[in-house]
Amino acid sequence: MTHDQAQERRNDYDVTNTVQVSSPHQVRAAVASLFRSLYPRHSFDAVWLAFHDFERVFCGHDEYHPVDTPYHDIQHTLDMTLALARLIAGYESTAGPGDALGPERAALAIVCGLFHDSGYLRHRERDRAVAHGAEFTRSHVSRSGQFLEGYLPRIGLGEFVPVAARIVHFTGYEIDIERIELDEPKDSLVGHLLGTADLMAQLADRCYLEKCRDRLFPEFVVGGVALGESPSNARYRSGRDLLAKTLAFYQSSVRRRLEHNFNGAYRYMEAYFEHGENPYVYFLRKNLAFLSTIIANGSWDRLRRKPPCVIPDASGEARLLRLAFERVRDWSEQKSGGVPSFAGLTAAAR
């Protein structure tokens with residue numbers, strides 16, 4: 001990865017700057033090409049249908065409201081799914097006899113990737129009392145597992161219903177990863193690839209830092225993650241505060257997951273890309289190095305990229321910010337007797 005290549009990368013393109021990851025059709029075509037090269041005698045129909053249904057469901061043409069979480073948006077899912085397909089291709093190219101995932105489990109992995117964040121979606125009937133999908137932040141992985149259990153039989157992958165919900169938990173924090181038990185090692189491998197792709201795609205996103213500050217933080221506010229029992233023990237006081245704690249979070253959690261919990265599965269990218277390169281690691285490190293410089297110099301104004309927000313409602317991001325502001329205001333009044341003592345968070349949410 002050269003300096004010029006890194007500079008030319010567009011905000012809604014993958015790490016190679018060749019696939020527009022805000023486009024379901026482009027990502028489907030890229031994944032289909034990979035899948036067919038790996039398994040030329042196996043049908044791609046189940047995965048093709050999953051892409052079709054993903055677009056329908058996340059755009060609100062089904063029993064769910066359209067996705068309204070601007071950080072966990074359509075682009076994130078497609079970016080992660082493309083990374084996952086590449087990891088699968090890298091693994092399959094190095095697997096020994098009897099160790100290959102095979103087409104069925106590869107299809108399962110890709111479908112789990114497409115719907116790993118479906119738990120953020122609000123059901124039109126069951127979730128009438130829920131104002132925003134970010135309210136499911138703490139439970140979205142379990143909800144995604146429940147979605148997959150109902151969906152897999154519809155596309156001919158019903159045999160994986162008993163393990164799908166556990167596999168998708170490799171992308172979240174609701175269950176300690178070391179407590180996820182799967183009898184079949186290949187199912188565990190699917191989980192490792194899934195969790196690895198989710199982390200790498202996020203951290204390698206060209207606008208990762210801006211998205212954390214402007215989108216993930218208000219999602220955390222609405223989801224009950226940012227605020228504590230009092231202003232003094234809040235987990236994140238603002239989007240800038242979230243970023244300031246990102247380096248420590250990477251060292252204490254993300255790096256351990258990638259290296260230990262997921263058995264270094266990110267290295268399968270080196271088998272996929274020529275010359276042993278891993279552009280996901282390149283951009284991940286680039287983002288963290290840039291963040292380190294910003295923190296050291298206090299130059300927060302350097303974060304000025306304007307990433308697209310790939311959710312159906314054009315005003316959805318503004319609605320999330322208003323809702324986050326309201327939550328902070330109500331929380332401040334409740335905790336401080338009417339005096340908004342959480343000004344830093346309030347200003348950021350507004």
Side-chain angles (χ1 to χ4, degrees), residues 1 14-16 19 27-28 30-48 50 79-114 116 148 152 155-171 177-201 203-204 254-282 284:
M1 179 66 63
D14 77 308
V15 293
T16 69
V19 182
V27 174
R28 183 178 65 195
V31 172
S33 178
L34 279 172
F35 192 92
R36 288 165 178 154
S37 68
L38 292 171
Y39 317 110
R41 299 180 181 179
H42 192 85
S43 172
F44 185 70
D45 289 352
V47 181
W48 189 98
D79 198 4
M80 177 269 205
T81 303
L82 177 60
L84 176 61
R86 288 168 170 167
L87 280 174
I88 293 169
Y91 172 79
E92 295 289 70
S93 71
T94 63
D99 293 329
L101 283 177
E104 291 81 8
R105 277 194 174 80
L108 168 69
I110 294 168
V111 175
C112 285
L114 286 170
H116 81 284
L148 283 164
L152 290 174
I155 57 172
L157 295 175
E159 65 181 294
F160 296 109
V161 166
V163 298
R166 279 174 286 167
I167 286 174
V168 80
H169 270 289
F170 282 95
T171 67
I177 286 180
E178 295 184 1
R179 292 174 53 200
I180 302 175
E181 296 182 358
L182 292 162
D183 295 331
E184 171 55 60
K186 291 180 182 180
D187 292 336
S188 296
L189 175 60
V190 170
H192 295 164
L193 297 174
L194 194 69
T196 298
D198 190 28
L199 289 174
M200 286 203 309
L203 273 78
V254 175
R255 188 172 182 177
R256 175 174 175 78
R257 286 188 168 216
L258 291 174
E259 295 285 359
H260 174 70
N261 297 119
F262 303 151
N263 291 330
Y266 68 89
R267 295 186 178 91
Y268 294 124
M269 283 295 187
E270 297 167 10
Y272 171 75
F273 287 101
E274 295 181 0
H275 311 301
E277 292 184 352
N278 189 334
Y280 289 93
V281 169
Y282 172 86
L284 180 158

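Looking at residues two or more places apart in sequence or on another chain, you find no side chain to side chain donor-acceptor pair (under 3.5 Å) involving D79. For N278, there are no side chain to side chain donor-acceptor pair (under 3.5 Å) partners two or more places apart in sequence or in a different chain. Applying the ring pair (Phe, Tyr, Trp, His ring centres under 6.0 Å) rule to Y266 yields no partners; only residues at least two apart in sequence or on another chain are considered. Considering only residues two or more places apart in sequence or on other chains, R257 meets the side chain to side chain donor-acceptor pair (under 3.5 Å) condition with none of them. Residues passing the ring pair (Phe, Tyr, Trp, His ring centres under 6.0 Å) test with F273, sequence neighbours excluded: none. Taking R255 as the reference, Q251 meet the side chain to side chain donor-acceptor pair (under 3.5 Å) condition, with sequence neighbours excluded.
A 4.5 Å side-chain heavy-atom check between V15 and R86 finds at least one atom pair inside the cut-off. Counting only heavy atoms from C-beta outward, the side chains of H116 and L84 never approach each other to under 4.5 Å. The shortest distance between side-chain heavy atoms of L194 and M80 falls below 4.5 Å.
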Under 3.5 Å, which donor-acceptor pairs link side chains of residues 40-47 to any protein atom two or more places apart or in another chain?
from, atom 1, to, atom 2, distance (Å)
S43, OG, D45, N, 3.0
S43, OG, D45, OD1, 3.3
S43, OG, D45, OD2, 3.2

Going by atom type alone, with no hydrogens or angles, which donor-acceptor pairs under 3.5 Å involve a side-chain atom of residues 159-170 and a protein atom two or more places apart or on another chain?
from, atom 1, to, atom 2, distance (Å)
R166, NH1, E181, O, 2.8
R166, NH2, P162, O, 2.8

Contacts table for residues 88-110: side-chain donor-acceptor under 3.5 angstrom, sequence neighbours left out:
from, atom 1, to, atom 2, distance (Å)
Y91, OH, D99, O, 2.6
E92, OE1, L101, N, 2.8
E92, OE2, Y39, OH, 2.6
E92, OE2, L101, N, 3.4
E92, OE2, G102, N, 3.1
S93, OG, G90, O, 2.7
T94, OG1, Y91, O, 2.9
R105, NE, D187, OD1, 2.7
R105, NH2, D187, OD1, 3.4

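Judged purely by atom type and a 3.5 angstrom limit, E184 uses its side chain to pair as donor or acceptor with the backbone of K186.
To the nearest 0.5 angstrom, C112 atom SG is 12.0 Å from D198 atom CG. The OH atom of Y268 sits 7.5 Å away from atom CG of L193, with the distance rounded to the nearest 0.5 Å. Taken from CG in L258 to OH in Y280, the straight-line distance is 13.5 Å, to the nearest 0.5 Å. A distance of 11.0 Å separates CG of L189 from CG of L182, quoted to the nearest 0.5 Å. Atom CZ in R256 sits 9.5 Å away from atom CD1 in I177 (nearest 0.5 Å).
Closest approach of A30 and V19 over heavy atoms only: CB-CG2, 4.3 Å. Of all the heavy atoms in L87 and A197, the pair that sits closest is CD1-N, 3.8 Å. Nearest heavy atom pair, residue V111 against residue A50, reads CG2-CB, 3.8 Å.
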